[in-house]
Amino acid sequence: MPTNLPPEYFRAEQAFREAESTSAKVTALEEMMSTIPKHKGTDKLRAELRRKISKLKEEQQKKKGAGKHESEYHIEKEGAGRAVLIGFENVGKSSIVDALTHAAPKISEAPFTTWQPIPGMMEIEDVQIQLIDTPPLSKEHSQPELFDLIRSSDLVLIVVDLQTIPFQQLEDSLALLNEHKISPKQWKEKSIDERRIEFIPVLIVVNKDDDDKFDEDFEVFKALTDTELPLVPISVTKKRNFDNLKNRIFESLEVIRIYSKPPGKEPDLTKPFILKKGNTIEDLAGKVHHDFIHNLKTARVWGKNVFDGQMVGKDHILYDKDIVELHL
Ligand SMILES: Nc1nc2c(ncn2[C@@H]2O[C@H](COP(=O)(O)OP(=O)(O)OP(=O)(O)O)[C@@H](O)[C@H]2O)c(=O)[nH]1
Ligand SMILES: [Mg+2]
């Protein structure tokens, strides 16, 4: 193994090891390939990767020939983050995506209505978040690609039905994730799992909390589960608690909105740059334009923890809704 491989190579290699579908494997291998510096020392490794890629592509081709088409699970990422809704049949996943986005997934009282993932965009204030409806979880029938889709998400919404067997649905959903080496990020600190686990933030959406009577059931459910994972009761039918759910989704993504302001002009408050919590002026510069990272001299900030228009350096940490003027 050549010694001078960049960190991106190892990240892609990890993605390769965790990929369950052929297409995700090919993508990861191609990513590995593109990060390897080209010189004599890496010839062997590159040849080996090329062989693996063409073998997998052949496999894919054969499957396609057998009548399989391009996977519906390949969905472009859009907006400030991706939240995937998962859960057992009939809990109301499609109803939630229908209510919160412009997508129109099929909804029915018959179980197993949804057969393929359907993305929609949810608006919250000036931010768009991608929500993805998915087919019901099933120990036997869930496609491996579903778990790749979950791994590619910034947030997992486990949906349960308060009017049936929410406790069981939650346990089974978490168990199925665990089988596929996915665990709530909230458990990362105390996890003693020896396996290579993907940790993703989880919100538990307790649907069909239609009225006061069901509020009591929710309290019982909450006491029974005794979990530190956040529980959000809602009712799609009665449009209860939507704002709370939307806010919780936004908060869980841990993103901040930064408005840029050209020197001497008003800030553009319509299109924020989306950064991660804890990001700095330098991260913002990279988002605005690649060259800005090197050319940036100083910046002025209006917002949290600064006085208006304060001059700051590259490593100044930004907060949600800060306004920034970059000086080159
Ligand atoms: N009482 C009540 N019924 C609801 C609520 N939300 C959804 N439903 C009903 O529950 C049934 C299932 O809803 P879907 O949105 O199709 O559920 P799903 O989880 O997408 O189901 P699958 O696609 O089979 O996995 C439909 O009859 C909905 O009208 C709610 O808040 N309260
Ligand atoms: Mg559905």
Side-chain angles (χ1 to χ4, degrees), residues 71-75 82-122 129-150 152-153 155-177 179-180 182 200 202-222 225 229-249:
S71 171
E72 300 92 355
Y73 284 83
H74 278 267
I75 296 171
R82 163 180 288 184
V84 63
L85 290 94
I86 63 164
F88 285 87
E89 64 274 9
N90 254 355
V91 294
K93 300 176 294 299
S94 303
S95 304
I96 296 171
V97 172
D98 178 65
L100 300 183
T101 75
H102 294 299
K106 196 164 166 221
I107 296 163
S108 153
E109 38 188 67
F112 298 99
T113 304
T114 306
W115 281 97
Q116 64 183 63
I118 299 176
M121 298 306 290
M122 176 184 89
I129 295 166
Q130 185 176 50
L131 297 189
I132 303 183
D133 182 22
T134 62
L137 289 178
S138 145
K139 214 168 158 41
E140 293 80 28
H141 302 297
S142 282
Q143 308 252 13
E145 279 121 321
L146 172 64
F147 298 94
D148 284 330
L149 178 68
I150 296 172
S152 76
S153 302
L155 174 66
V156 179
L157 304 178
I158 299 181
V159 185
V160 298
D161 178 348
L162 185 62
Q163 299 191 15
T164 57
I165 44 166
F167 188 73
Q168 192 67 48
Q169 288 165 349
L170 178 58
E171 293 251 292
D172 292 350
S173 304
L174 286 166
L176 207 51
L177 286 181
E179 243 173 63
H180 289 267
I182 300 168
I200 308 177
V202 165
L203 259 188
I204 297 158
V205 181
V206 186
N207 189 29
K208 310 199 188 179
D209 183 1
D210 292 344
D211 56 35
D212 299 0
K213 181 180 138 301
F214 290 111
D215 282 347
E216 284 170 30
D217 293 351
F218 173 71
E219 288 308 320
V220 173
F221 170 70
K222 195 167 149 186
T225 46
L229 297 174
L231 302 172
V232 189
I234 64 160
S235 163
V236 178
T237 313
K238 297 287 164 61
K239 297 192 167 54
R240 290 180 92 204
N241 234 349
F242 279 180
D243 282 344
N244 185 31
L245 174 62
K246 287 172 77 168
N247 287 330
R248 298 296 286 271
I249 292 174

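Whatever order the structure lists ligands and atoms in, that order sets their numbers, starting from 1. Model, not experiment: these values are computed from the prediction. Side chains included, hydrogens not; waters and symmetry mates left out as well; all remaining heavy atoms used.
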> Got an N/O contact under 3.5 Å between T134 and ligand 1?
Replying inline: no
>> Quick check on side-chain contact (heavy atoms from CB on, under 4.5 Å): which of I86, L177, V159 does L137 satisfy it with?
In response: I86
> Hey, does the side chain of D209 reach the backbone of D215 with a donor-acceptor pair shorter than 3.5 angstrom?
Replying inline: yes
> For P135, is at least one N or O under 3.5 Å away from an N or O on ligand 1?
Replying inline: no
> Can you tell me the protein heavy atom closest to atom 6 (N) of ligand 1 and the distance?
Replying inline: N207 ND2, 3.1 Å
>> For atom 9 (C) of ligand 1, what is the closest protein heavy atom, and at what distance to 0.1 Å?
In response: K208 NZ, 3.9 Å
>> I need the nearest protein heavy-atom contact for atom 31 (O) of ligand 1: residue, atom name and distance, please.
In response: V236 N, 2.8 Å
> Can you check side chain to side chain contact (heavy atoms under 4.5 Å, CB included) on I129 and M121, steps first, answer last?
Replying inline: CA-CA 6 Å; I129 295 166; M121 298 306 290; 5.9 Å; no
> Short question: side chain of N241, backbone of P233 - any donor-acceptor pair under 3.5 Å?
Replying inline: yes
> Which atoms of ligand 1 are found less than 4.0 Å from any heavy atom of S235?
Replying inline: 31 (O)
> By number and element, which atoms of ligand 1 are closer than 4.0 Å to a non-hydrogen atom of E89?
Replying inline: 24 (O), 25 (O)
> Identify the closest protein heavy atom to atom 22 (P) of ligand 1: which residue and atom is it, and at what distance?
Replying inline: N90 N, 3.6 Å
> At the Mg ion (ligand 2), what angle lies between atom OG of S94 and atom OG1 of T114, rounded to 10 degrees?
Replying inline: 90°
> Closest non-hydrogen protein atom to atom 13 (O) of ligand 1, residue and atom name please, with distance?
Replying inline: S95 OG, 3.5 Å
> Checking K93 side chain against G87 main chain: does a donor-acceptor pair fall under 3.5 Å?
Replying inline: yes
> For Q163 and D210, what are the C-alpha separation, side-chain angles and deciding distance, and is it a side chain to side chain donor-acceptor pair (under 3.5 Å)?
Replying inline: CA-CA 9 Å; Q163 299 191 15; D210 292 344; 2.9 Å; yes
> Would you say T114's side chain and Q116's backbone share a donor-acceptor pair under 3.5 angstrom?
Replying inline: no
> Sub-3.5 Å donor-acceptor pair from the side chain of T101 to the main-chain atoms of A103, do we have one?
Replying inline: yes
> Relative to the ring of F147, is the ring of H180 parallel (under 30°), tilted (30 to 60°) or perpendicular (over 60°)?
Replying inline: parallel
>> Looking at K208 and V236, would you say the former's side chain and the latter's main chain have a donor-acceptor pair under 3.5 Å?
In response: no
> Would you say Q130's side chain and P119's backbone share a donor-acceptor pair under 3.5 angstrom?
Replying inline: no
>> Any atom of ligand 1 sitting under 4.0 Å from a heavy atom of K238?
In response: no
> With a cut-off of 4.0 Å, which atoms of ligand 1 are near a heavy atom of D210?
Replying inline: 1 (N), 2 (C), 30 (C), 31 (O), 32 (N)
> By number and element, which atoms of ligand 1 are closer than 4.0 Å to a non-hydrogen atom of Q163?
Replying inline: 1 (N)
> Heavy-atom contacts under 4.0 Å between V159 and ligand 1: side chain, backbone, both, or neither?
Replying inline: neither
> Below 3.5 angstrom, do we get any N/O pair linking I234 and ligand 1?
Replying inline: no
>> Treating N207 as the side-chain partner and V91 as the backbone partner, does any N or O pair qualify as donor plus acceptor under 3.5 Å?
In response: yes
>> Treating S173 as the side-chain partner and I158 as the backbone partner, does any N or O pair qualify as donor plus acceptor under 3.5 Å?
In response: no
> Any N or O on V91 sitting closer than 3.5 Å to an N or O of ligand 1?
Replying inline: yes
>> Tell me whether T113 has any N or O atom under 3.5 angstrom from an N or O of ligand 1.
In response: yes
> Between the side chain of D172 and the main-chain N/O of A175, is any donor-acceptor distance below 3.5 Å?
Replying inline: no
> Short list, please: which atoms of ligand 1 are under 4.0 Å from a heavy atom of P136?
Replying inline: 25 (O)
> Tell me, which protein residue and heavy-atom name are nearest atom 25 (O) of ligand 1, and how many Å apart are they?
Replying inline: K93 NZ, 2.7 Å
>> Looking only at protein heavy atoms, which one is nearest to atom 26 (C) of ligand 1, and what is the separation?
In response: S108 O, 3.5 Å
>> Suppose we measure from atom 30 (C) of ligand 1 to each protein heavy atom; which comes out shortest, and what is that distance?
In response: T237 OG1, 2.8 Å
> Which residue from P111, G92, S94, G87 reaches closest to atom 17 (O) of ligand 1 through any of its heavy atoms?
Replying inline: G92
> Of all the atoms in ligand 1, which lie at a distance below 4.0 Å from a heavy atom belonging to F112?
Replying inline: 24 (O)
> When only distance counts, is I107 in polar contact with ligand 1, meaning an N/O pair under 3.5 Å?
Replying inline: no
